[in-house]
Asker: 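Here it is: the structure, laid out below.
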2 protein chains.
Amino acid sequence: MAAMRPLVHPSVDDVTVEGILHALADPVRVAIYAGLAASEKGSSCSAFLQLDNREIPKSTLSQHFRALREAGLIRSERQGVEMRNTTRCAEINSRFPGLLPALMGAYQQQLIDRMKAAKRKGSKAKSG
Amino acid sequence: MAAMRPLVHPSVDDVTVEGILHALADPVRVAIYAGLAASEKGSSCSAFLQLDNREIPKSTLSQHFRALREAGLIRSERQGVEMRNTTRCAEINSRFPGLLPALMGAYQQQLIDRMKAAKRKGSKAKSG
DNA sequence: TTCAATAGTTCGCAACATATGAACTAACGA
DNA sequence: TCGTTAGTTCATATGTTGCGAACTATTGAA
């Protein structure tokens, strides 16, 4: 028992904006997506078990990958004992031009702002 | 009893990308936001009780406005017996340049694609 | 004042979603 | 066949959402 059905990848025409936004409204999933986008040949799931100094349980991680997959943001294919995950950003970019760059750019901006804020606070209070 | 506390509007510096995406991952809220963006002097809540040929219960509508407000996307102020809701898109645009246009543009694209698909289907099956 | 009308909010609960430990499947190599 | 590594599924506890009913707030009569 416990079926282990094949992975679902929507066609690019079935990808929805609300699906993308929902998937990328979660910081963990954004970090995963950004990591995949940065790596040239994709990454396994377990590459993200430790993320941003935080332990992610692997069942949780599996759910996050599923969310990204079913939103159409990534493609996952088995490669031996592990999974090769890659972004589908080219496809999505051709359907919704500029959406993903804008999203990721805003997250990047937010990260910069937060680092600046942390630095300000750090110099004010000497040592957290 | 039943407190009716004052409306919460985050400062623009406290607006988060994940908050915006979560708020705009809901088609009803997107329709509201788009409606507000289109109207010159803002709209009341009840202007959206009927939306896209669908009845929205007013308690539900109230929650949607709250979600948009607390994500920092709109500002609501009482004006007599009703509420004046306006977008905060200028503020957000200066913090996350291009994010909102990209989002709304993608939704617009999706709408166009759906209309095209419906037309195709309509001419194939004569009268769906 | 008191009453009614209009516009939103809050409450309570049912339905749905999410996070995670435990138990599982799947591929590989010894 | 067994062990190992990688990921999925299940059960469940906890969180979130949708909506009817009951409430608050403001205005405008009477």
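Numbered from 1 within each chain, the chains take letters A, B, ... in sequence-line order. Hydrogens, waters and symmetry mates are skipped; everything else that's a heavy atom, side chains included, is used.
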Asker: Is there a donor N/O on one and an acceptor N/O on the other, under 3.5 Å, for the side chain of B/Ser59 and the base of D/dG20?
Answerer: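 Looking at the base of D/dG20, it does pair with a donor or acceptor on the side chain of B/Ser59 (distance under 3.5 Å).
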Asker: Looking at B/Asp52 and B/Arg54, would you say the former's side chain and the latter's main chain have a donor-acceptor pair under 3.5 Å?
Answerer: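 A pair under 3.5 Å: no.
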Asker: OP1 or OP2 of D/dT8 versus the side-chain N and O atoms of A/Arg5: is any pair under 4.0 Å?
Answerer: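 For A/Arg5, the contact criterion (side-chain N or O under 4.0 Å from OP1 or OP2 of D/dT8) is not met.
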Asker: Give the rounded distance in Å between these two atoms: CD of B/Glu55 and C1' of D/dG20.
Answerer: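 The answer, rounded to whole Å, is 14 Å.
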Asker: For A/Leu49, does its backbone N or O pair with a side-chain atom of A/Ser46 as donor and acceptor, under 3.5 Å?
Answerer: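 Side chain of A/Ser46 to backbone of A/Leu49, a donor-acceptor pair under 3.5 Å: no, none is there.
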Asker: Starting from C1' on C/dC11, measure out to CE on B/Met4 and report it in whole angstrom.
Answerer: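 After rounding, the reported distance stands at 12 Å.
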Asker: Categorize A/Arg66 for me: base, sugar-phosphate, or nothing, with a 4.0 angstrom heavy-atom threshold over every strand shown.
Answerer: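 Since no nucleic acid heavy atom lies under 4.0 Å of A/Arg66, the category is nothing.
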Asker: Within this structure, what is the NZ-to-P distance between A/Lys58 and D/dT5, rounded to whole angstrom?
Answerer: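 Roughly 11 Å, once rounded to whole Å.
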Asker: Return the CG to CG distance between A/Leu100 and A/Leu24, rounded to the nearest 0.5 Å.
Answerer: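 Going from the CG atom of A/Leu100 to the CG atom of A/Leu24 covers 7.0 Å.
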Asker: Using whole Å, report how far CD of B/Glu77 lies from C1' of D/dT26.
Answerer: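 In whole Å, D/dT26 C1' and B/Glu77 CD are 16 Å from each other.
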Asker: To the closest 0.5 Å, what do you measure between CD (A/Glu77) and CZ (A/Arg84)?
Answerer: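 If we round to the nearest 0.5 Å, A/Glu77:CD and A/Arg84:CZ are 10.0 Å apart.
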Asker: From B/Phe65 CZ over to B/Leu68 CG, what is the distance, rounded to the nearest 0.5 angstrom?
Answerer: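 Result: 7.0 Å between the selected atoms.
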Asker: Evaluate whether atom CZ of A/Arg66 has more than 12 neighbouring non-hydrogen atoms of other residues, nucleotides or ligands under 6.0 angstrom away.
Answerer: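 It does not: A/Arg66 CZ has 12 such atoms or fewer within range.
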Asker: Whole angstroms only, please: what is the CZ-P distance between B/Phe65 and D/dG18?
Answerer: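 These atoms are roughly 14 Å apart.
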Asker: Could you tell me the separation between the CG atom of A/Leu7 and the P atom of D/dA6, rounded to a whole number of Å?
Answerer: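 The answer, rounded to whole Å, is 17 Å.
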Asker: Does a donor on one side chain sit under 3.5 Å from an acceptor on the other, for A/Asn85 and A/Ser43?
Answerer: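 A/Ser43 and A/Asn85 do not have a side-chain donor-acceptor pair below 3.5 Å.
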Asker: Is there a donor-acceptor contact under 3.5 Å from the side chain of A/Gln110 to the main chain of B/Val17?
Answerer: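 Here the side-chain-to-backbone pair exists.
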Asker: Is the distance from OP1 or OP2 of C/dT9 to the nearest side-chain N or O of B/Arg69 less than 4.0 Å?
Answerer: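 Yes, such a contact exists.
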Asker: Shortest non-hydrogen contact from B/Asp13 to B/Arg95?
Answerer: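 Residues B/Asp13 and B/Arg95, closest heavy atoms: O-NH2, 3.4 Å.
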Asker: For nucleotides 14-19 of chain C, just jot down a letter per nucleotide in 5' to 3' order: B, S or -, based on protein non-hydrogen atoms under 4.0 Å.
Answerer: ----SS
Asker: Taking DNA chain C as the partner, which of residues 79-87 of chain A come within under 4.0 angstrom of it by heavy atom?
Answerer: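 Close to the strand are A/Gly80, A/Val81.
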Asker: What is the separation between atom CG on B/Leu61 and atom P on C/dT6, rounded to the nearest whole Å?
Answerer: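 My rounded result for the distance is 18 Å.
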Asker: Whole-Å distance between D/dG7 P and A/Leu68 CG?
Answerer: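 It is 14 Å, rounded to the nearest whole Å.
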Asker: I want to check one thing: is the phosphate of D/dG7, taken as OP1 and OP2, less than 4.0 Å away from some side-chain N or O of A/Ser46?
Answerer: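 For D/dG7, OP1 or OP2 has a side-chain N or O of A/Ser46 closer than 4.0 Å.
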